[in-house]
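In what follows, a single structure is set out as C-alpha cells and then discussed.
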Number of protein chains: 2
Amino acid sequence: MLQLTKRTEYGLLALVHLADREGAVASVREICERFPLPKRTVAEVLKDLQHAGLVDSIRGSSGGYTLARAPEQVTLGDVVRALEGAPPLTTCESPIVLKGGGCEVQPMCPIKSPIQRVRERLWQMLEHTTLRSLVSKGSHVSLGALGAVESN
Amino acid sequence: MLQLTKRTEYGLLALVHLADREGAVASVREICERFPLPKRTVAEVLKDLQHAGLVDSIRGSSGGYTLARAPEQVTLGDVVRALEGAPPLTTCESPIVLKGGGCEVQPMCPIKSPIQRVRERLWQMLEHTTLRSLVSKGSHVSLGALGAVESN
DNA sequence: GCAATTAGCACCTTTTGAGTGCGCTTTGGA
DNA sequence: TCCAAAGCGCACTCAAAAGGTGCTAATTGC
C-alpha cells in the first residue's frame, strides 16, 4: 500500500524532535512525552536509526539520542532505507526479462519496465527531501503547550 | 514497505499494453501472453480499473478491454487510487493534534505533521506522472519476440 | 449450441507490520 | 555502594494486508 509505515512515521517524528534540540540529548521518554507514541516501538526505531548511522546513542541514566548529522544532510531516503529496507533497484525484475530466462544477475539491463521507472522517480523524490525541509516550516506551533502522556 | 503492490504493477503493464494497441481491444489472455502474469489476478485488476473508469470492457467471445482515455490523461495517481485505494489525505492524523483531542473532522488543519508533507509530495509525483511518460521511451524493445506462456 | 470472454464473490495462504516480554548492560547520582 | 533510568538485543504474538484461486454466472461471436 504505497505509504510510509508507522515505524517510518515514528522515526521521522523522533528525528524532527532531535533536530529541534540542535545537538542536545533526547531520550525516548522525552520524545514520547512530546508525541503520544508507543515507547517501546519508538525505542526499536531509534535503535535501527542508530545502526544506520543517522543518530548517535548515549547510554546510561541520563542517556538518549542525538542527530549524527545536520538536518540538511539527512534525507527521507536515508530514513526509509534504514527503517524499511532498500528498494530492489539493483536487480532487474522485469517479468519480460525473467520470462526470457536469465538477467537476475546482470548488472545492467537494457529493458526498463514501467514499474522500474516509477520506482526510480519515487526514490529520487525521497533522496531529495531533507529532514530540514520537513522541520523548517510550520512545525513549531504550540508543541510544548500540550500535556504529558501516560507511561505507555 | 513503500512500494507499489503487484496489483499496481500488473495494472500498469496492462495499461501499457492497451496504450500500445491504441484503441484496439485486448483480452486478459493477450496481455498474459505478452507478460508472464497470473491470468486470474490480472483479470481482477482489469475489473477494478474498469470500475474506476480507466478502461472500458467489451464482453463476449471476442471481448476484452480498451483504454477509456488517452495515455496523457491517465496518471499514476489514478491507477494507484483505483487499485490500492486513496490516501488518507483528507483527515488530519497528526498524533499531536489527536492527542490534544478533536480535529478528526476539521476540514482545514493548521498543524501539518512531517508525515503529512511527505505524503503530499509523494502524491504530487504520482499525479504528475502520466501513462504516456511510462510508455513512450524504450518499452518497445523486442517485446513481441518472446514466446507465449503456459495457461496459468 | 459452443467456446471464449468478462463479472462477481468468497475463500485460503503467506507475508508484513506493529507491538510486547524479558532480561541484560551502561551510567549518573543519592 | 546501590539503585534507578536509560539503551541493547532477541524472540515472540497478534492482526492486517497482499496475492492468488475456486466456482459460478452472464455475455456474445461463430
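Each chain gets a letter, A, B and so on, in the order the sequences are listed, and its residues count up from 1.
- The phosphate of C/dG29 has neither OP1 nor OP2 within less than 4.0 Å of any side-chain N or O from A/Ser62.
- Contact check, A/Arg7 against C/dA18: no side-chain N or O comes under 4.0 Å of OP1 or OP2.
- When distances are taken from the side chain of B/Gln50 to each of D/dG9, C/dA7, C/dC9, the shortest belongs to C/dA7.
- In the set C/dG28, C/dT26, C/dC22, C/dG28 carries the atom at the smallest distance from any side-chain atom of A/Ser61.
- Distances shorter than 4.0 Å separate some side-chain N or O of B/Ser57 from OP1 or OP2 on C/dA7.
- B/Tyr10 has a side-chain polar atom (N or O) that falls below the 4.0 Å cut-off from OP1 or OP2 of D/dG20.
- In the set C/dT26, D/dA6, D/dC23, the nucleotide with an atom closest to the side chain of B/Arg40 is D/dC23.
- One atom, CD of A/Glu44, and another, C1' of D/dA11, lie 10 Å apart when rounded to the nearest Å.
- For B/His51, no side-chain nitrogen or oxygen approaches OP1 or OP2 of C/dA7 to under 4.0 Å.
- Distance from the side chain of A/Pro38 is smallest for C/dG19 among the nucleotides C/dG19, C/dA7, C/dT26.
- Tracing side-chain contacts under 4.5 Å through hydrophobic residues (I, L, V, M, F, W, Y), one reaches A/Val79 starting from B/Met125; they form part of the same cluster.
- Within 3.5 Å, a donor on the side chain of B/Arg59 pairs with an acceptor on the base of D/dA26, or the reverse.
- Here the nucleotide nearest the side chain of B/Tyr65, chosen from C/dA7, C/dG8, C/dT20, is C/dA7.
- If you chain together hydrophobic residues whose side chains sit under 4.5 Å apart, A/Trp123 and B/Leu12 fall into the same group.
- In this model, the phosphate group of D/dA6 is approached by a side-chain N or O of A/Arg29 to a distance below 4.0 Å at OP1 or OP2.
- Between B/Arg29 and B/Glu33 there is a salt bridge, since at least one side-chain N of the basic residue sits less than 4.0 Å from a carboxylate O of the acidic one.
- A salt bridge is defined here as a Lys NZ or Arg NE, NH1 or NH2 lying under 4.0 Å from an Asp or Glu carboxylate O, and A/Glu44 with A/Lys47 meets this definition.
- Between the NZ atom of B/Lys39 and the C1' atom of D/dT21 there is a distance of 14 Å, given to the nearest Å.
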